A.B. asks: 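One structure, as structure tokens, below. Some questions next.
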Amino acid sequence: MKATIVSLALALVAQVASAQSDVPPRRKGALLAWLKAGTYRASYAAEPAVHVSSSGVHGMNVRTYYGPILADDPRAGQTVFRKGAAMVKELYLGGTEQTIGWAVMSKVRRRSGRAGRGWLFYETLDGTDRGVSFGRGLPVCTGCHRSGVDYLRSDFRPSRAPS
């Protein structure tokens, strides 16, 4: 009986740890390490290919990866996404082969709020934490993103949930 309880507890811990790896870390250093490791690629749904950025704000070429919640919620008709919704935008600047930086948005509260403080934003244009944009409801990010559905501006919607 005791072995069964321990096994169940370990399985639950493993399941929670796996689910948490789908959510980007909330500290700059840990987030940058997570991005550099490419952890998101294992469970996030990707746009088909690197493409020209629609706004140019993130450099010329980008590719976006949608976390499981952000892939599922719009497909289910949700217009307010659940806490834990996240996306990672790989920034290629002028090229198409090498990721130079990343932009991340991660929903950290149930409600986004008028100023977007329910979203944590992060952007590095050089793959370091020097000069990074980082914080909840950053005006430089929310200025554009508020025009989207719960701050998601992209029209792309993954046809399937990430594996």
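Along the sequence shown, residues are numbered consecutively beginning with 1. These numbers come from a predicted model, not from an experiment.
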A.B. asks: Show the nearest heavy-atom pair for residues R63 and A46, with the distance to one decimal.
C.D. replies: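 Closest pair (atom of R63, atom of A46, distance): NH2-CB, 3.6 Å.
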A.B. asks: Which residues pass the side-chain contact (heavy atoms from CB on, under 4.5 Å) test with D129, not counting sequence neighbours?
C.D. replies: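 With neighbours one apart ignored, the set is K28, L32, Y122, V132.
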A.B. asks: Check for a donor-acceptor pair, side chain of S112 on one end and backbone N or O of G116 on the other, with a separation under 3.5 Å.
C.D. replies: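 No, because the side chain of S112 does not come within donor-acceptor range (under 3.5 Å) of the backbone of G116.
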A.B. asks: Could you report the tightest heavy-atom contact between L31 and P24, atom names first, then the distance?
C.D. replies: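 Heavy atoms only, the tightest pair is CD1-CB, 3.7 Å.
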A.B. asks: Between W102 and F134, is there shared hydrophobic-cluster membership here, with clusters defined by ILVMFWY side-chain heavy atoms closer than 4.5 Å?
C.D. replies: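 Yes, because W102 and F134 connect within a single hydrophobic cluster, where side-chain heavy atoms sit under 4.5 Å apart.
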A.B. asks: With clusters defined by side-chain heavy atoms of hydrophobic residues (ILVMFWY) lying less than 4.5 Å apart, directly or transitively, does V62 cluster with F156?
C.D. replies: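 In one cluster with F156: V62, no.
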A.B. asks: With hydrophobic residues grouped by side-chain heavy-atom distances under 4.5 Å, do W34 and I100 end up in a single group?
C.D. replies: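 No, W34 and I100 fall in different hydrophobic clusters.
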A.B. asks: Among all residues two or more places apart in sequence or in another chain, which pass the side-chain hydrogen bond (donor to acceptor under 3.5 Å, both in side chains) test with H145?
C.D. replies: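 Counting only residues at least two positions away or on another chain, H145 forms no side-chain hydrogen bond (donor to acceptor under 3.5 Å, both in side chains).
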A.B. asks: May I have the list of side-chain donor-acceptor pairs in residues 77-88 shorter than 3.5 Å, sequence neighbours left out?
C.D. replies:
| residue | atom | partner | partner atom | Å |
| --- | --- | --- | --- | --- |
| R82 | NE | D73 | OD1 | 2.8 |
| R82 | NE | D73 | OD2 | 3.3 |
| R82 | NH2 | D73 | OD1 | 2.8 |

A.B. asks: According to the interplanar angle, ranging from 0 to 90°, do the rings of Y40 and Y44 count as parallel (below 30°), tilted (30 to 60°) or perpendicular (above 60°)?
C.D. replies: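 Ring orientation, 0 to 90° scale: perpendicular.
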A.B. asks: Just grab all the salt bridge (Lys or Arg N to Asp or Glu O under 4.0 Å) pairs involving residues 30-56, residues at least two apart or on different chains.
C.D. replies: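 Listed by first then second residue: R41-E90.
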A.B. asks: Using the rule that two of Ile, Leu, Val, Met, Phe, Trp, Tyr join whenever any of their side-chain heavy atoms come within less than 4.5 Å, decide whether V149 and Y66 are in one cluster.
C.D. replies: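 Yes, same cluster.
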A.B. asks: To the nearest 0.5 Å, what is the distance between CG on L93 and CG on D126?
C.D. replies: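 Spacing of CG (L93) from CG (D126) equals 9.5 Å.
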A.B. asks: Side chains of T96 and N61: is there a donor and an acceptor less than 3.5 Å apart?
C.D. replies: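 No, N61 and T96 have no side-chain donor paired with an acceptor closer than 3.5 Å.
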A.B. asks: Quick one: CZ on R157 to CG on D72, what's the gap to the nearest 0.5 Å?
C.D. replies: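 So the gap between those two atoms works out to 12.5 Å.
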A.B. asks: Which distance, rounded to the nearest 0.5 Å, do you find between the SG of C141 and the CE of M105?
C.D. replies: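 Interatomic distance, C141 SG to M105 CE, rounded to 0.5 Å: 9.0 Å.
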A.B. asks: Indicate if Y65 and L120 have the same hydrophobic cluster label, given that clusters are the connected sets of ILVMFWY residues with side-chain heavy-atom separations under 4.5 angstrom.
C.D. replies: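 Both belong to a single hydrophobic cluster.
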A.B. asks: Would R153 and C144 count as a side chain to side chain contact (heavy atoms under 4.5 Å, CB included) if you check the C-alpha gap in whole Å, the side-chain angles of each, and the deciding distance to 0.1 Å?
C.D. replies: CA-CA 8 Å; R153 290 194 61 215; C144 290; 3.9 Å; yes
A.B. asks: Show the numbers, then the answer: is there a side chain to side chain contact (heavy atoms under 4.5 Å, CB included) between Y92 and T99?
C.D. replies: CA-CA 5 Å; Y92 294 82; T99 303; 3.5 Å; yes
A.B. asks: Which salt bridge (Lys or Arg N to Asp or Glu O under 4.0 Å) pairs, counting each pair once, include a residue from residues 91-116, with sequence neighbours left out?
C.D. replies: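 Every pair satisfying salt bridge (Lys or Arg N to Asp or Glu O under 4.0 Å) with a residue in residues 91-116: K107-D150.
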A.B. asks: For residues 48-61, which residue pairs qualify under salt bridge (Lys or Arg N to Asp or Glu O under 4.0 Å), counting only residues two or more places apart or in two chains?
C.D. replies: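 Residue pairs passing salt bridge (Lys or Arg N to Asp or Glu O under 4.0 Å), neighbours aside: none found.
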A.B. asks: Please work out whether the ring planes of F121 and Y151 are parallel, tilted or perpendicular, with thresholds of 30° and 60°.
C.D. replies: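 Because their plane-to-plane angle is over 60°, the rings of F121 and Y151 count as perpendicular.
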